[in-house]
Amino acid sequence: MAPLSQVGRGAGGEGKTIEYEGRHLFTGEVVEKLQLNLPLLASGIGAVSYYVKQLETICKLRGLHPILAPLIQAFLEEILFEQKTTLFDPALVARLADSDVGEHLRAVFVPLIRSRTTTTEERLTVEPPKSLSLETLSSHPQRAPPRPGSGKNPV
């Protein structure tokens, strides 16, 4: 990915919480739900907390703040933008609420988190599969018909 410019579009509407639902184009099924808390994006440190919380929600994990916060801070200060900067730079803070910054963060961190937290295991076969043919089914004894009971239900 190419570095982003620090000159952005600006989020506007500070002090809001926006409920976002991403839906599948054909089925209309809800694929993604996010809660965008714009007051957290008013400062660099708040933005780091906001993005950590968003990544935890997407990956369905908890307690990642001590691990992810320094990584996100380094990503924002040193990698994402053309010029290295700090979280306290007003130009960077003004840019943090833009959608492309969030998209870049999700595109980088979600696959990394999932690769470290999910495992894929091969299922072991207990015994080889058996073919059920008519001969196999017809060789089983017939079921005995039910016997009449005494008419009382044991309780």
Got [X] and [Y] here, is their nearest side-chain heavy-atom distance under 4.5 Å?
{"X": "Leu68", "Y": "Ile113", "result": "yes"}
{"X": "Val101", "Y": "Leu80", "result": "yes"}
{"X": "Leu64", "Y": "Leu55", "result": "no"}

[atom1]/[X] to [atom2]/[Y] distance, rounded to the nearest 0.5 angstrom?
{"X": "Leu105", "Y": "Leu76", "atom1": "CG", "atom2": "CG", "result": "5.0 Å"}
{"X": "Cys59", "Y": "Arg106", "atom1": "SG", "atom2": "CZ", "result": "11.5 Å"}
{"X": "Leu87", "Y": "Ser43", "atom1": "CG", "atom2": "OG", "result": "8.5 Å"}
{"X": "Arg62", "Y": "Thr57", "atom1": "CZ", "atom2": "OG1", "result": "10.0 Å"}
{"X": "Ile72", "Y": "Glu77", "atom1": "CD1", "atom2": "CD", "result": "12.0 Å"}
{"X": "Arg116", "Y": "Ile67", "atom1": "CZ", "atom2": "CD1", "result": "10.5 Å"}

Would you find a donor on one side and an acceptor on the other, under 3.5 Å apart, between the side chain of Thr118 and the backbone of Ser115?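 Flag not set: sc Thr118 to bb Ser115 has no pair under 3.5 Å.
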May I ask you to decide if Leu96's main-chain N or O and Tyr51's side chain share a donor-acceptor pair within less than 3.5 Å?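 A pair under 3.5 Å: yes.
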Exercise: identify the closest heavy-atom pair between Gly63 and Glu56: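 Smallest heavy-atom distance, with atoms named: N-OE2, 3.2 Å.
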I need the minimum non-hydrogen distance between Thr86 and Leu92, along with the two atoms involved.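 Looking at all heavy atoms of both residues, the shortest contact is O-CD2, 3.0 Å.
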For the pair Glu21 and Arg23, find out whether any cationic side-chain nitrogen is under 4.0 Å from an anionic carboxylate oxygen.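 Between Arg23 and Glu21 there is a salt bridge, with a charged N closer than 4.0 Å to a carboxylate O.
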Lys/Arg N to Asp/Glu carboxylate O, Asp89 vs Arg95, below 4.0 Å: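 Result for this pair is no, no salt bridge flagged.
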Determine, step by step, whether Phe88 and Ile45 satisfy the side chain to side chain contact (heavy atoms under 4.5 Å, CB included) criterion, reporting the C-alpha distance in whole Å, the side-chain angles of both residues, the deciding distance to 0.1 Å, and the verdict. CA-CA 8 Å; Phe88 304 103; Ile45 301 299; 4.1 Å; yes
According to a hydrophobic-cluster definition based on side-chain heavy atoms being under 4.5 Å apart (Ile, Leu, Val, Met, Phe, Trp, Tyr only), do Val31 and Val110 belong together?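 Cluster IDs for Val31 and Val110 differ.
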Using the rule that two of Ile, Leu, Val, Met, Phe, Trp, Tyr join whenever any of their side-chain heavy atoms come within less than 4.5 Å, decide whether Val93 and Val48 are in one cluster.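 Different clusters.
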